[in-house]
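Here the structure is a predicted model, which is why all the values come from computation and not from measurement. So that the names make sense, note that chain A is the first sequence line, chain B the second, and so on, each numbered from 1.
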Amino acid sequence: MRQSRLFSKTLREAPNGADCKGYEYLLRAGYIDQLAAGIFSLLPLGFRSIQKISAIVREEMNALGAQEILMPVVNPGDLWKETGRFYSIDREMSRFKDRNDRDMVLAMTHEECCTDLGRNVIDSYKRLPLLVYQLQTKWRDDPRPRAGLIRVREFTMKDSYSFDKDQEGLEKVYKAHYDAYFRIYKRCGLPVIAVGSDSGMMGGKVAHEYMYLSPIGEDTIIHCPSCGYTANRQVARFQKDYYPEAPKAKELVETPDAKTIEDLCKCLNIPATKTAKALFMVGTFINDQNGEEEDKLVVGIVRGDMDIEENKLQNAAKANSLRPAHEEEILAANMVPGFGSPIGCKKGTVVIVDDSVAKSNNLVAGANKAGYHYLNTNFGTDYDGIVADIASAADGYRCPTCGKALSASKGVEVGNIFQLGTRYSEAMNCYYQDENGQRKPVIMGSYGIGIGRLLACLCEEYNDESGLKLPIAVAPYQVHFISLIKDTEVSDKIYDELEKAGIEVLYDDRKESAGVKFADADLIGIPIRITLGNRSFNEGKCEVKVRGSQEEAMSFDLDNLAQEIKTLIAKLEQRV
RNA sequence: CGGGUAGUAGCGCAGGGGCUAGCGCACUUGGUUCGGGACCAAGGGGUCGGUGGUUCAAAUCCACUCUGCCCGACCA
């Protein structure tokens, strides 16, 4: 490609709002262009990288025996009503009516559509297992897009869907994805870890997320350096210390202005482990059958030395969503913020008690009376509720498997795999007949990779102060050929030779100064740079440099250039 | 959806009731330069986000609104 014809231009300054390096360079190097919040065009450079990533993904999916399909972005709302997600998903899913006033949705994932395909095709166990995938546009109306391609509203996702007759089959294809994903990220050059995760709106039991560890990430990953236990904080477990004692009778005590655990501990001169703290949320509970919503107050109780993980609380409460409760809502349930506890709360309040509280005795808890707490409250005698693990794991807490200290880090989710089980097949009547003529729900799994997000993470991982330096597997071109000589016939000829040899080359044929060409080349970050200038051209040579390497430029003979470059490409490809 | 912040040339910004709205980069033309973002000269490009108001006069003041970005809520 002649750079003089390339549909993009480089920017000297970072556009306002480019908050992380990778995003800044994607914009400045002319890979992408923003159209609206969370909506981007891919320019030729960006699109070429995306196609490279896509090709790697396709190869690895095909190697699993997956068959590529393409499902529609627009789905009938009725399909989503079958699984209840038409109702349970909030405004993140965009809806509209067609001309005949039918509900339509923009698919934000394709479980419904794919299950529909499954039920049309699968009749017998003889057809199973089946595995399909697609690379398709998703629209999710995220309330807050940010960080360039990291968190967008419109994006391309590789999503695959497995159909099996039994759990064993599901686990096999799940494991196959688990391994294939590592191969995909490795081939792209992105370091990731797999972590146990929450299945969120997808339903199902077992799920993993692939995380690129980076400070720009929005997820928190809890990791044990000793035994390797790793999980998203949303579900991460840890070992808790319990302090059981002989239960005593509760006792009202005056605690003026002690609204926080810290105040309370000072006021009564006790450790935080002797207190119980309450978090008040309002949960939306949705009836999947008729879609009717009902709000209930949810109270989470955790021991004062820990924090509540809202995601765990939501799961334990089986709520569709949670939001912080307003003061009036808390008061209406006979509880007092700052001095609150489930003791004497209104009937219908959902009380979730962390096991740290359930297994401790004689904790100080709010008396639901401003300025007062109770000493010696005990779960089971003073109040009731559902016991669950709702505490948030944190840096330094003890690993659930080996007991050593856990560490917390930030990460970006670049892929996930879910064992869906029969959540969709049962809801949508996707059944097969087994060997005995029995009708059984197909067991499903779904597996996603955000393609654009993957590119964004790669740009975050591979850059320096002058620009991008993507690995050759995903760079838009293999070679950047920079001509500094006047004689365009000579450089045109070299360009043709490189192209003929099957090398992907971006040819800087522009009438620009050397400095501009070098700066742009650094910014775009193509792995191999060939410089043809008077310095070496007179000796029948050119200079070759690998982007980002500290080594001196190599000198290659022009006579055998294509061949030598091919060797160099092969060398770089092997690095991975 | 709450809090903050900004919208003036393609990009980055200045101007904050009064003459023809500026600067740097980018762009065009001519010339000089020619291996790390060159120089000289001459140019082109703007409904100052939108609507309504105040005023003799609005980019500038007021109201509403749209959009971007940041923090939070949210998020497979």
Side-chain angles (χ1 to χ4, degrees), chain A residues 8-20 23-24 27-28 30 33-39 85 88-93 107-112 138-148 150-153 155 157-159 161 197-204 207-210 217-219 232 234 281-282 284 310-311 314 320-326 412-418 420 423 445-450 453 466-467 482-487 508 510-523 529 531-538 542-543 545 553:
Chain A
S8 73
K9 80 176 176 188
T10 55
L11 303 171
R12 276 202 199 189
E13 290 174 277
N16 196 358
D19 42 359
C20 51
Y23 178 31
E24 179 192 326
L27 288 169
R28 282 185 51 206
D33 185 72
Q34 181 171 13
L35 184 63
I39 305 178
R85 292 209 290 183
S88 63
I89 295 173
D90 199 31
R91 299 212 310 277
E92 197 183 352
M93 181 161 71
M108 44 192 288
T109 173
H110 280 84
E111 279 76 18
E112 278 78 0
K138 302 280 189 270
W139 168 260
R140 293 184 188 177
D141 199 357
D142 194 303
R144 180 138 135 69
R146 72 184 78 154
I150 298 280
R151 201 168 141 180
V152 292
R153 297 195 291 170
F155 58 100
M157 179 168 164
K158 186 291 296 177
D159 44 331
Y161 303 89
S197 74
D198 181 50
S199 53
M201 75 168 186
M202 307 297 297
H208 283 88
E209 287 167 344
Y210 290 77
E218 296 180 275
D219 284 284
N232 193 308
Q234 293 178 328
M281 307 289 286
V282 169
T284 306
E310 286 178 25
N311 188 70
Q314 180 175 331
N320 184 57
S321 65
L322 284 184
R323 61 159 172 86
H326 302 134
V412 180
E413 182 188 351
V414 288
N416 55 35
I417 53 180
F418 295 100
L420 298 173
R423 141 109 237 243
S446 81
Y447 318 85
I449 289 181
R453 184 179 277 189
S466 351
I482 294 173
S483 171
L484 300 176
I485 59 170
K486 289 257 172 53
D487 191 341
D508 195 345
R510 298 174 303 166
K511 289 180 176 45
E512 289 288 353
S513 72
V516 168
K517 290 187 176 192
F518 287 139
D520 279 349
D522 288 344
L523 190 55
R529 180 198 297 174
T531 309
L532 182 66
N534 290 322
R535 217 184 255 172
S536 46
F537 172 54
N538 296 332
C542 61
E543 289 145 55
K545 198 159 186 213

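At a cut-off of 3.5 angstrom, the base of B/G35 holds at least one donor-acceptor pair with the side chain of A/E543. A donor N or O paired with an acceptor N or O is not found under 3.5 Å between the base of B/G37 and the side-chain atoms of A/R510.
Although no hydrogens or angles enter the test, the distance criterion places no donor-acceptor pair under 3.5 Å between the side chain of A/K545 and the main chain of A/T531. With hydrogens and angles disregarded, no donor-acceptor distance shorter than 3.5 Å links the side chain of A/R153 to the backbone of A/D141.
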For this session: Would you check, one step at a time, whether the test salt bridge (Lys or Arg N to Asp or Glu O under 4.0 Å) holds for A/R85 with A/E111?
Result: CA-CA 10 Å; A/R85 292 209 290 183; A/E111 279 76 18; 3.0 Å; yes
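Rounded to whole Å, the P atom of B/G18 lies 33 Å from the corresponding atom of B/C69. As rounded to the nearest Å, B/G2 and B/C61 have P atoms that lie 25 Å from one another.
For A/A14 and A/G448, each mapped to the nucleotide of RNA chain B holding its nearest heavy atom, the one lying further toward the 5' end belongs to A/A14. Nearest-nucleotide positions on RNA chain B place A/R91 closer to the 5' end than the other of A/P145 and A/R91.
B/G37 atom P lies 13 Å from atom CG of A/L484, rounded to whole Å. One atom, CG of A/D141, and another, P of B/C74, lie 17 Å apart when rounded to the nearest Å. What separates CD of A/E310 from P of B/G72 is a distance of 13 Å, to the nearest Å. Between A/Y23 atom OH and B/G68 atom C1' there is a gap of 10 Å when expressed in whole angstrom units.
Among B/G68, B/G72, B/G35, the nucleotide with an atom closest to any side-chain atom of A/T531 is B/G35. Distances were taken from every side-chain heavy atom of A/K486 (C-beta onward) to each of B/G37, B/C69, B/C34; the shortest belongs to B/C34.
For the atom pair A/E512 CD and A/I482 CD1, the distance stands at 12.0 Å (nearest 0.5 Å).
Residue A/R12 places at least one side-chain N or O under 4.0 Å from the OP1 or OP2 atom of B/A26.
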